[in-house]
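Shown next, in structure tokens, is the structure this report addresses.
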2 protein chains.
Amino acid sequence: MSQAFRLKQSIEDAVIAGEFLPGDRLDEASLAERFGVSRTPIREALLQLGAEGFIDVRPRRGAIVSVPSPTRLFEMFETMAEIESACGRLAARRLTPDNDAAMETAHRACEIAAREGDSEQYYADNRNFHEAIYRASRNSFLADQAFALHKRLSAYRRIQLRARNRLLQSLQEHAGILEAIRAGDEQLAATRLHDHVLVQGERFSDMVLGLAGDRRSDAAGRSAK
Amino acid sequence: MSQAFRLKQSIEDAVIAGEFLPGDRLDEASLAERFGVSRTPIREALLQLGAEGFIDVRPRRGAIVSVPSPTRLFEMFETMAEIESACGRLAARRLTPDNDAAMETAHRACEIAAREGDSEQYYADNRNFHEAIYRASRNSFLADQAFALHKRLSAYRRIQLRARNRLLQSLQEHAGILEAIRAGDEQLAATRLHDHVLVQGERFSDMVLGLAGDRRSDAAGRSAK
DNA sequence: CATATCATTATTGTATGCAAGATTAGAAAC
DNA sequence: GTTTCTAATCTTGCATACAATAATGATATG
């Protein structure tokens with residue numbers, strides 16, 4: 001299985017790196033050739049990625065990189081917001097000096113990247129900051145769920161950090177989140193994290209749908225009774 | 001793949017039914033014989049179940065039904081509590097007549113089972129009730145996450161519905177949850193669902209650890225700064 | 001009697017081959 | 001020119017075979 005697990009990671013990395021775009025076909029034979037192995041471990045890797053929701057494996061019809069509908073995507077961001085805010089709530093309740101320090105370090109890194117307007121760097125540092133919060137929840141299972149979803153959304157998250165404004169705004173939100181967690185204010189930490197994440201989903205939906213469709217009729221509109 | 005997917009479901013069902021207990025080895029050859037297929041689709045099924053966290057696939061060492069530590073189990077229940085309360089919060093915000101009716105139906109069924117003290121039936125109806133709430137969140141992705149985790153915990157949940165008292169108490173909690181959702185009180189719905197789920201995790205931990213260990217030193221104790 | 005080492009056995013990991021379903025291209029009909 | 005049916009082709013699904021690693025048990029040694 002060693003091979004299959006390495007392949008799973010490689011394929012996942014390739015997808016995250018944007019080498020395979022949503023909708024692209026993941027052909028067993030070509031992947032086998034590319035990695036110099038037979039189809040068997042490739043299949044095993046693809047099926048695992050499919051089970052994790054990373055790709056879409058349709059019986060007899062091959063695997064493709066999942067193409068979540070705008071609605072689905074919004075739902076994923078909304079779920080991410082709920083999970084992250086849960087992490088924040090627990091972090092506020094359970095913060096240890098170690099976790100505090102880890103968040104501080106990650107936050108400082110974000111600060112530098114934001115000041116320099118380096119969105120690629122900020123993207124990486126931002127990830128570390130959020131992961132520090134997941135860990136600070138001191139619930140490793142919840143943190144695992146958060147990691148997994150974060151990875152699945154990374155392709156969509158990256159796009160919107162391009163604007164310099166968003167970088168600085170994001171940084172400010174981070175500061176507010178950190179403050180709330182440190183104050184032990186569970187409710188505030190949860191709310192701030194929720195909004196911080198959800199705004200990304202909203203901005204992304206706006207971007208995807210552009211002027212054409214109104215997102216509200218798609219996802220948020222469901223709030224209406 | 002058709003075969004592999006059917007097998008995945010069958011094996012999962014067998015695990016949920018308790019036919020394979022935590023720690024049991026899932027040997028490829030015997031499973032292949034049992035289902036009358038070759039090892040290939042069995043492997044594919046096992047790897048998928050492993051990716052979903054349902055079983056533990058250790059490279060070169062075979063698959064076993066996962067044996068979460070008491071700490072891990074508590075973390076899983078705590079995560080379930082957070083996810084369910086998120087569902088409840090959204091349900092309170094977005095309730096439609098359809099979803100309301102579905103919850104009502106499921107609740108009525110629980111009521112009957114509880115009155116008759118039929119814990120097996122209550123177990124099934126309880127599941128329907130919770131699933132109705134997941135759907136009422138009107139976020140299908142979040143609902144999927146909730147379904148998945150609910151399934152993984154089912155083995156541990158079933159055990160504790162045996163006591164007649166717990167049945168009636170559970171039912172009353174359901175009534176309170178329903179009331180809060182209908183009132184559109186997001187905060188109250190979230191809190192009640194959270195407690196309803198978490199109490200199960202706590203009761204289970206108590207059961208597992210018995211008199212021996214103090215759960216608080218294991219999981220909840222982390223809340224202490 | 002316990003422990004360590006080595007050979008045997010069993011089980012998993014990968015490759016290959018073939019069967020079956022899906023896709024595509026081409027020809028015929030409209 | 002478009003559509004539809006059919007045949008050729010391509011891709012996936014499963015079985016089998018072999019290679020490699022882990023588990024087991026026997027034997028020898030302290």
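Chain identifiers are assigned alphabetically (A, B, ...) following the order of the sequence lines, protein sequences preceding nucleic acid strands; residue numbering begins at 1 within each chain. Note that the coordinates shown come from a computational prediction; the quantities given were computed from them, not determined experimentally.
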Without decimals, in angstroms, what is the distance between B:Arg58 CZ and D:dA22 C1'? 11 Å
In whole Å, what is the span from the CZ atom of A:Phe5 to the C1' atom of C:dG13? 11 Å
Contact nearer the 5' end of DNA chain C, comparing B:Asp27 with A:Val37: B:Asp27
Across all chains, not counting sequence neighbours, the side-chain contact (heavy atoms from CB on, under 4.5 Å) partners of A:Ala63 are A:Leu26, A:Leu46, A:Ile55, A:Val57
What protein N or O atoms touch nucleotides 21-24 of chain C N or O atoms at under 3.5 angstrom, if any, and at what distances?
from	atom 1	to	atom 2	distance (Å)
C:dT23	OP1	A:Arg61	NE	2.6
C:dT23	OP1	A:Arg61	NH2	2.8

When the distance from CZ of A:Arg39 to P of D:dC10 is rounded to whole Å, what number comes out? 14 Å
So does B:Arg89 pair up with A:Glu78, basic N to acidic O under 4.0 Å? no
d(CZ, B:Arg6; C1', D:dG13) in whole Å: 11 Å
Set of residues satisfying side-chain hydrogen bond (donor to acceptor under 3.5 Å, both in side chains) with respect to A:Asp195, sequence neighbours excluded: none
Please confirm whether the shortest side-chain N or O distance from A:Gln3 to OP1 or OP2 of C:dT14 is below 4.0 Å. yes
Got a salt bridge between B:Arg34 and B:Asp27, using NZ or NE/NH1/NH2 to carboxylate O under 4.0 Å? no
Nearest-Å distance, CG (A:Leu31) to C1' (D:dC10)? 16 Å
Grab the CD-P distance between A:Glu28 and C:dA15 for me, whole Å please. 13 Å
Earlier contact from the 5' end, DNA chain C, for B:Thr40 and B:Leu26: B:Leu26
Quick one about A:Asn99 and A:Thr96 (side-chain donor to acceptor, distance below 3.5 Å, no hydrogens or angles considered), yes or no? yes
How long is the line joining CG of A:Leu47 and P of D:dG13, in whole Å? 8 Å
Is a donor on one side and an acceptor on the other found under 3.5 Å between the side chain of A:Ser85 and the backbone of A:Leu193? no
To the nearest Å, give me how far apart CD1 (B:Ile64) and C1' (C:dT12) are. 15 Å
Salt bridge A:Glu75-B:Arg138, side-chain N to carboxylate O under 4.0 Å: no
